[in-house]
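What follows is a structure written as structure tokens; I'll ask about it next.
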Amino acid sequence: MEKYISNGPNDTVRIGEAFAAGLKPDDGILYKGEMGAGKTYFTKGIAKALGIAEEVTSPTFALINEYCGKKINLFHFDLFRIDSFDDLYAIGFFDYFDRNGVLCIEWSENIPDLSDSFNTVYQVTISKTGEESREITIEKIK
Ligand SMILES: Nc1ncnc2c1ncn2[C@@H]1O[C@H](COP(=O)(O)OP(=O)(O)OP(=O)(O)O)[C@@H](O)[C@H]1O
Ligand SMILES: [Mg+2]
């Protein structure tokens, strides 16, 4: 488990960018963390590392945002309103495997056994420790 302190949004982007260096297609990045923790900022860093110039915005309403990377794509999910595997099927979640992308998932804690669907899973937990400070832990759980 790796632990980082972020002192502002740009730090969180940099931590996400450095983390993304070793990612492979179909890897799952499962976020845990309250609203405004910085999950979307961390994903902006991952996008940067994958060579995505397009701005990464919250998939809160779309549920899924897709970005084409230089070598690896990025699929960014928000499961805030999803709470069952049936819902996951309904939004087409499983169609995003084998499409040469990493899957970044906000509110992954809404689906208890989500990690079962992946070969490789990183749990990224972001905790607010102050107005601009965050504790970020990254653990390869599978
Ligand atoms: N160290 C920090 N890292 C990331 N964001 C920070 C930090 N300090 C302050 N912020 C602010 O916190 C907010 C984080 O927003 P972000 O959309 O990334 O959160 P989120 O975890 O994705 O929330 P949601 O669950 O609502 O999607 C932004 O407004 C950002 O400016
Ligand atoms: Mg978000």
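In each ligand, atom 1 is the first atom listed, and ligand 1 is the first ligand listed.
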Distance below 2.8 Å from the Mg ion (ligand 2): how many protein N/O/S atoms qualify?
->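 If we list every protein N, O or S atom nearer than 2.8 Å to the Mg ion (ligand 2), we get 2.
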Kindly identify the option in E131, K44, K39, K32 whose heavy atom sits closest to atom 24 (P) of ligand 1.
->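 Among E131, K44, K39, K32, the closest heavy atom to atom 24 (P) of ligand 1 belongs to K39.
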More than 12 foreign heavy atoms under 6.0 Å from CG of N119: is that the case here?
->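 No.
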Write out the residue and atom name of the closest protein heavy atom to atom 10 (N) of ligand 1, then the distance separating them to 0.1 Å.
->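 Among all protein heavy atoms, the one nearest atom 10 (N) of ligand 1 is R134 NH2, 3.3 Å.
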Can the ring centres of F19 and Y122 be said to be less than 6.0 Å apart?
->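 Yes, ring centres under 6.0 Å apart.
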Do T137 and E2 have side-chain atoms, one donor and one acceptor, less than 3.5 Å apart?
->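 Judged by distance alone, the side chains do not pair up.
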Could a heavy atom of P9 be found less than 4.0 Å from some atom of ligand 1?
->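 Checking ligand 1 against P9, which is what was asked, there is a heavy-atom contact under 4.0 Å.
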R99 vs E66, salt bridge (Lys or Arg N to Asp or Glu O under 4.0 Å): CA-CA, chis, key distance, verdict = CA-CA 11 Å; R99 284 187 49 196; E66 307 182 30; 2.9 Å; yes
Between S133 and N7: side-chain donor-acceptor atoms closer than 3.5 Å =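 No pair is found: no donor N or O on one side chain lies under 3.5 Å from an acceptor on the other.
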Beyond-backbone contact of I29 with I105, side-chain heavy atoms, under 4.5 angstrom =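 SC-SC contact between I29 and I105 ruled out.
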List the closest protein heavy-atom neighbour of atom 13 (C) of ligand 1: residue, atom name, distance to the nearest 0.1 Å.
->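 So the nearest neighbour among protein heavy atoms is G36 O, 3.7 Å.
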Less than 4.0 Å between atom 20 (P) of ligand 1 and some protein heavy atom, yes or no?
->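 At least one protein heavy atom is under 4.0 Å away.
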Counting each atom of ligand 1 from 1 as listed, which ones have a heavy atom of W107 under 4.0 Å away?
->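 This gives 25 (O) as the contact atoms.
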Does the gap between the ring centers of F77 and Y96 come in under 6.0 Å?
->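 Judged by ring-centre distance (under 6.0 Å), F77 and Y96 do meet the cut-off.
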Aromatic centroids of F97 and F118 separated by under 6.0 Å |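 Ring centres of F97 and F118 closer than 6.0 Å.
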Taking both backbone and side-chain atoms of G38, is any N or O found less than 3.5 Å from an N or O belonging to ligand 1?
->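 Yes.
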Between the side chain of R134 and the main-chain N/O of Y4, is any donor-acceptor distance below 3.5 Å?
->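 Judged by distance alone, no pair lies under 3.5 Å.
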Give every residue pair that meets the salt bridge (Lys or Arg N to Asp or Glu O under 4.0 Å) criterion with at least one member in residues 48-62, sequence neighbours excluded.
->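 Every salt bridge (Lys or Arg N to Asp or Glu O under 4.0 Å) pair that includes a residue of residues 48-62, provided the two are not neighbours, is E17-K48, K44-E55.
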Numbering as shown, the atoms of ligand 1 that approach T12 to under 4.0 Å (heavy-atom distance) |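 It comes down to these atoms of ligand 1: 1 (N), 2 (C), 3 (N), 4 (C).
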Are any of the N/O atoms in T60 less than 3.5 Å from those in ligand 1?
->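 Between T60 and ligand 1, no N or O pair is found under 3.5 Å apart.
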Decide whether Y31 and T43 meet the rule of one side-chain donor and one side-chain acceptor closer than 3.5 Å.
->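 Result is yes, a qualifying pair exists.
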Can you sort out which atoms of ligand 1 are near E34, meaning under 4.0 Å from one of its heavy atoms?
->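 Here the atoms of ligand 1 in question are 21 (O).
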Any idea which protein heavy atom is nearest atom 30 (C) of ligand 1, and the distance to it?
->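 Of every protein heavy atom, Y41 CE1, 3.8 Å lies nearest to atom 30 (C) of ligand 1.
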